[in-house]
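Everything on this sheet refers to the single structure shown next.
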Amino acid sequence: QVQLVESGGGLVQAGGSLGLSCAASGRTFTSYTMGWFRQAPGKEREFVAASRRNDGNLFYEDSVKGRFTISRDGAKNTVSLQMNSLRPEDTAVYYCAASAVYGTPRQQSLYDYWGQGTQVTVSS
């Protein structure tokens, strides 16, 4: 069982930066693929970024490449999402997720555990 708790959301102006953090319980943190997803009002939840288990490969949704950076700290059992050059269309609830399966990190069905979400609002 893994418990995930996100923090760091808030309100920021367009062009600004915000960092999200996800604290994970459990002693096998490095055995999980860790992902970030987001859901904007009236839209389906979508993939944002992931750090895959085993090989540590990083994956990003096209619209955030070059602006967002995912990283993990195995010693602290945390995964972070640094978001720069934020746009109003980045406004959403952001979720942290964990998967014990080695696969395609963009697939939501891959993930077994989810955090409660944290709101990010980008004003124009």
Side-chain angles (χ1 to χ4, degrees):
Q1 187 77 12
V2 175
Q3 292 185 331
L4 305 172
V5 179
E6 301 99 336
S7 61
L11 173 65
V12 64
Q13 289 187 335
S17 299
L18 206 58
L20 305 181
S21 183
C22 174
S25 65
R27 295 176 293 177
T28 58
F29 176 72
T30 55
S31 298
Y32 288 86
T33 288
M34 300 301 298
W36 285 96
F37 292 79
R38 66 186 179 186
Q39 187 168 19
K43 295 187 177 181
E44 294 186 353
R45 189 164 57 188
E46 65 175 2
F47 170 79
V48 176
S51 171
R52 190 163 60 184
R53 59 169 288 180
N54 294 8
D55 56 25
N57 283 352
L58 305 180
F59 300 81
Y60 294 95
E61 194 267 331
D62 287 345
S63 70
V64 308
K65 284 181 180 177
R67 300 189 299 123
F68 290 12
T69 302
I70 186 172
S71 61
R72 66 163 75 191
D73 186 331
K76 296 181 179 180
N77 276 13
T78 58
V79 59
S80 300
L81 185 69
Q82 178 62 37
M83 305 182 293
N84 299 326
S85 301
L86 282 161
R87 305 167 180 169
E89 53 264 39
D90 294 318
T91 295
V93 177
Y94 283 71
Y95 297 91
C96 174
S99 169
V101 177
Y102 182 89
T104 304
R106 291 179 172 86
Q107 295 180 346
Q108 294 189 47
S109 59
L110 197 72
Y111 294 83
D112 307 297
Y113 306 101
W114 293 83
Q116 81 287 353
T118 185
Q119 177 70 46
V120 171
T121 303
V122 184
S123 63
S124 58

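This chain uses plain numbering: 1 for the first residue, then up along the sequence.
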- Linking I/L/V/M/F/W/Y whenever their side-chain heavy atoms sit closer than 4.5 Å, directly or via other members, would Phe68 and Leu58 fall into one cluster? yes
- Distance in Å, Gln119 CD paired with Leu11 CG, rounded so as to fall on 0.5 Å steps: 9.5 Å
- Residues which pass side-chain contact (heavy atoms from CB on, under 4.5 Å) with Gln3, listed by chain and number, not counting sequence neighbours: Ser25
- Query: Is the distance between the ring centroids of Tyr111 and Phe37 less than 6.0 Å?
  - Reply: yes
- Message: Show the nearest heavy-atom pair for residues Gly103 and Pro105, with the distance to one decimal.
- Response: O-CD, 3.1 Å
- Task: Scan for salt bridge (charged side-chain N to carboxylate O under 4.0 Å, His left out) pairs involving residues 75-90, sequence neighbours excluded, and state none if there are none.
- Result: Arg38-Asp90, Arg67-Asp90
- If you look at every heavy atom in Gly10 and Leu18, which pair is closest and at what distance? N-CD2, 3.8 Å
- Task: State the OG1-CZ distance between Thr33 and Arg72, to the nearest 0.5 angstrom.
- Result: 7.0 Å
- Using the rule that two of Ile, Leu, Val, Met, Phe, Trp, Tyr join whenever any of their side-chain heavy atoms come within less than 4.5 Å, decide whether Phe47 and Met34 are in one cluster. no
- Task: Quickly, which of Thr118, Thr78, Leu81 forms a side-chain contact (heavy atoms from CB on, under 4.5 Å) with Ser21? Name it, please.
- Result: Thr78
- Nearest-0.5 Å distance, CE of residue Met83 to OG1 of residue Thr69: 11.0 Å
- Item | Heavy-atom check, side chain of Leu86 versus side chain of Gln13, under 4.5 Å | no
- Message: So, using ring pair (Phe, Tyr, Trp, His ring centres under 6.0 Å) as the criterion, who are the partners of Tyr94 when residues are at least two apart?
- Response: none
- Message: Do Tyr113 and Val48 land in one hydrophobic cluster if side-chain heavy atoms of ILVMFWY residues count as linked below 4.5 Å?
- Response: yes
- Mind jotting down which residue pairs meet the salt bridge (charged side-chain N to carboxylate O under 4.0 Å, His left out) criterion with at least one end in residues 100-124? Sequence neighbours excluded, please. none
- Query: Is the closest side-chain heavy-atom distance between Trp114 and Cys96 below 4.5 Å?
  - Reply: no
- Does Gln108 use its side chain to pair, donor to acceptor, with the backbone of Arg45 at less than 3.5 Å? yes
- Query: Closest heavy-atom contact between Ser85 and Ser17?
  - Reply: N-OG, 4.4 Å
- Query: Taking all atoms of both residues into account, what is the closest heavy-atom pair of Ser51 and Gly56, and its distance?
  - Reply: OG-O, 4.4 Å
- Can you sort out the partners of Gln116 under side chain to side chain donor-acceptor pair (under 3.5 Å), two or more places apart, ordered by chain and number? Glu6
- Task: Would you check if Ile70 and Val79 make a side-chain contact, meaning some heavy-atom pair closer than 4.5 Å?
- Result: yes
- Message: Does anything in residues 95-104 form a side-chain hydrogen bond (donor to acceptor under 3.5 Å, both in side chains)? List the pairs, not counting sequence neighbours.
- Response: Arg52-Tyr102, Asp55-Tyr102
- Query: Can you check whether Ser63's main-chain N or O pairs, donor with acceptor, with Glu61's side chain at less than 3.5 Å?
  - Reply: yes
- Task: State plainly whether one hydrophobic cluster holds both Leu20 and Val12, where clusters connect Ile, Leu, Val, Met, Phe, Trp and Tyr through side-chain heavy atoms under 4.5 angstrom apart.
- Result: yes
- Task: Group every Ile, Leu, Val, Met, Phe, Trp and Tyr by side-chain heavy-atom contacts under 4.5 Å, then state whether Val122 and Tyr60 land in the same group.
- Result: yes
- Nearest non-hydrogen partners of Gln39 and Lys43, listed with the distance: NE2-O, 3.1 Å
